[in-house]
Amino acid sequence: MIKTLIMNKVILLDKRPVGKASLSDFKFIQEEIPQPKEGEILLKTVYVSVDPYLRGRMNDAKSYVPPFQLHEPIQSGIVASVIKTNNAAFKEGDVVSGSLKWQEYQVSSGSGLNKIDDDGTGLTAYLGILGMTGLTAYCGLSEIGVPKAGETLVVSGAAGAVGSVVGQIGKLLGCRVVGIAGTDEKVELLKSELHFDEAINYKTTPDLSKAIQDACPDGVDIYFDNVGGEVSDAVLAHINKFARIAVCGAISLYNGDAPSSGLPIPSVLLTKSALMQGFIVSNFADKFPAAIKQLKAWVKEGKLVSYETIENGFDHIPQAFLDLFDGKNKGKMIVDCKN
Ligand code: NDP
């Protein structure tokens, strides 16, 4: 009898990208499926989250997370199912989420993994609205933005994973919400499905500063910044006295583009008595249980929409990651690896 050996596909960082990453920076290899030792479990990858911050980890630079090592697997948020277990804390069929490697199969001690249930929200939600994305939006907005009803909140990267949640929470808390995004389709989505008050296409608006002024007749009280660069300069020109600016991300700079010559930020902050604070979501780890409870309740009540772009197939993971930098996703970008 001929037995076919199922091999394990693994995606390695093959080269450190220079500027924009490309498919040639990744390498697929095949190896035997590892077997769990005593105390370990064997996991099969189900859904993979691709995220802009992974680009930073591809540089050989010190940051808040260590860089990926060359010729080693990339790692990101993953939902996986337990297919073999030598660990009493897990049974076959359990579904877990955690930071795992871009491999079809992998062994784990189980440490750092959370067991999850599809209790109506869908498993992908644990990589998005009920995972890092939702926590980033909720904690960054509530802890730094400190929104009050009636205030104006501007969100950049508004149709992306974090931005789409920030804007919806802003509306739930009674703010006037203005989103900035890169296509007319996204602008339409923000206004019609996610209930933003106004949305601006930063790529086609002839005068972004004027468009922001028109969309925010009372000025900007809170700016949730996902992109940095010229978009942020245009928003900062319209902040009100005592404005709060939550610096969540700067995707426009992740490929090494030069920062915009920009505004004299210290003068802007000084003259407006404004607060600008960068953050990493893990700063707010003590707030996570309450945040998840609130996010889950809003999702179940239908008040918060979990918007996702799902790509298909393990082989498509690197391309899905690259697509983030071309704005091809709406909401959270996830790769379905079931088939
Ligand atoms: P998104 O789902 O928002 O995907 C990225 C989006 O960024 C794209 O869809 C694109 O939308 C936009 N974009 C790409 N290139 C540019 C550019 N040059 N200028 C302006 N916009 C651009 O990603 P996430 O929601 O996962 O992340 C959003 C931001 O939040 C990122 O900067 C990320 O690093 C950061 N982040 C920070 C965390 C923290 O702890 N501080 C945690 C999680 C995320 P468009 O079509 O509108 O251009």
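In listed order, ligands and their atoms are each counted from 1. FYI, side chains are in, hydrogens and waters are out, and symmetry mates aren't considered; it's all heavy atoms of this structure. All values derive from a computational prediction rather than experimental measurement.
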[Y] backbone acceptor or donor facing [X] side chain under 3.5 Å:
X      : Y      : result
Asp197 : Val177 : yes
Asp51  : Tyr53  : no
Asn87  : Gly39  : yes
Asp225 : Gly228 : yes
Lys115 : Ala89  : yes

Classify the contact between [X] and ligand 1 as side chain, backbone, both or neither, using a heavy-atom distance cut-off of under 4.0 Å.
X      : result
Ser156 : neither
Ile251 : both
Lys332 : neither

Min N/O separation [X] to ligand 1 under 3.5 Å:
X      : result
Phe279 : yes
Ala181 : no
Asp51  : no
Pro52  : no
Ile180 : no
Cys248 : yes

Please report which non-hydrogen protein atom sits nearest to [atom], along with the residue it belongs to and the distance in Å to one decimal place.
atom                    : answer
atom 15 (N) of ligand 1 : Phe325 O, 3.8 Å
atom 44 (C) of ligand 1 : Val162 CG2, 4.0 Å
atom 34 (O) of ligand 1 : Tyr254 OH, 2.7 Å
atom 30 (O) of ligand 1 : Asn226 OD1, 3.3 Å
atom 47 (O) of ligand 1 : Gly182 N, 2.8 Å
atom 48 (O) of ligand 1 : Tyr202 OH, 2.6 Å

Residues in ring-ring contact (aromatic ring centres under 6.0 Å, His included) contact with Phe325, at least two apart in sequence or another chain: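 For Phe325, the residues satisfying ring-ring contact (aromatic ring centres under 6.0 Å, His included) (neighbours in sequence not counted) are Phe321.
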Aromatic plane relationship, Phe314 with Phe28 - under 30° parallel, 30 to 60° tilted, over 60° perpendicular: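 It falls in the perpendicular class, over 60°.
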Below 4.0 Å from any atom of ligand 1, is there a heavy atom belonging to [X]?
X      : result
Gly331 : yes
Asn329 : yes
Thr133 : no
Lys186 : yes
Ala159 : no

Evaluation steps, side chain to side chain contact (heavy atoms under 4.5 Å, CB included), between Ser209 and His238: CA-CA 8 Å; Ser209 179; His238 299 286; 2.8 Å; yes
Check each atom of ligand 1 against the heavy atoms of [X] and keep those under 4.0 Å away; list them by number with element.
X      : answer
Gly160 : 1 (P), 2 (O), 3 (O)
Ser252 : 17 (C), 18 (N), 19 (N)
Leu324 : 4 (O), 5 (C), 6 (C), 8 (C), 9 (O), 10 (C), 14 (C)

Ion pair check, Glu151 and Arg244, cut-off under 4.0 Å: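 Arg244 and Glu151: salt-bridged.
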Members besides Leu12 in its Ile/Leu/Val/Met/Phe/Trp/Tyr cluster (side-chain heavy atoms under 4.5 Å):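 When side chains under 4.5 Å apart are linked, the cluster holding Leu12 also contains Val10, Ile29.
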Test applied, side-chain contact (heavy atoms from CB on, under 4.5 Å); reference residue, Ser156; option that passes from Val231, Ile200, Val178, Val166: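 The passing option is Val231.
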Stacked cation flag Lys191 on Phe196, 6.0 angstrom / 45 deg: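 Relative to the ring axis of Phe196, which defines the angle, Lys191 lies outside at least one limit.
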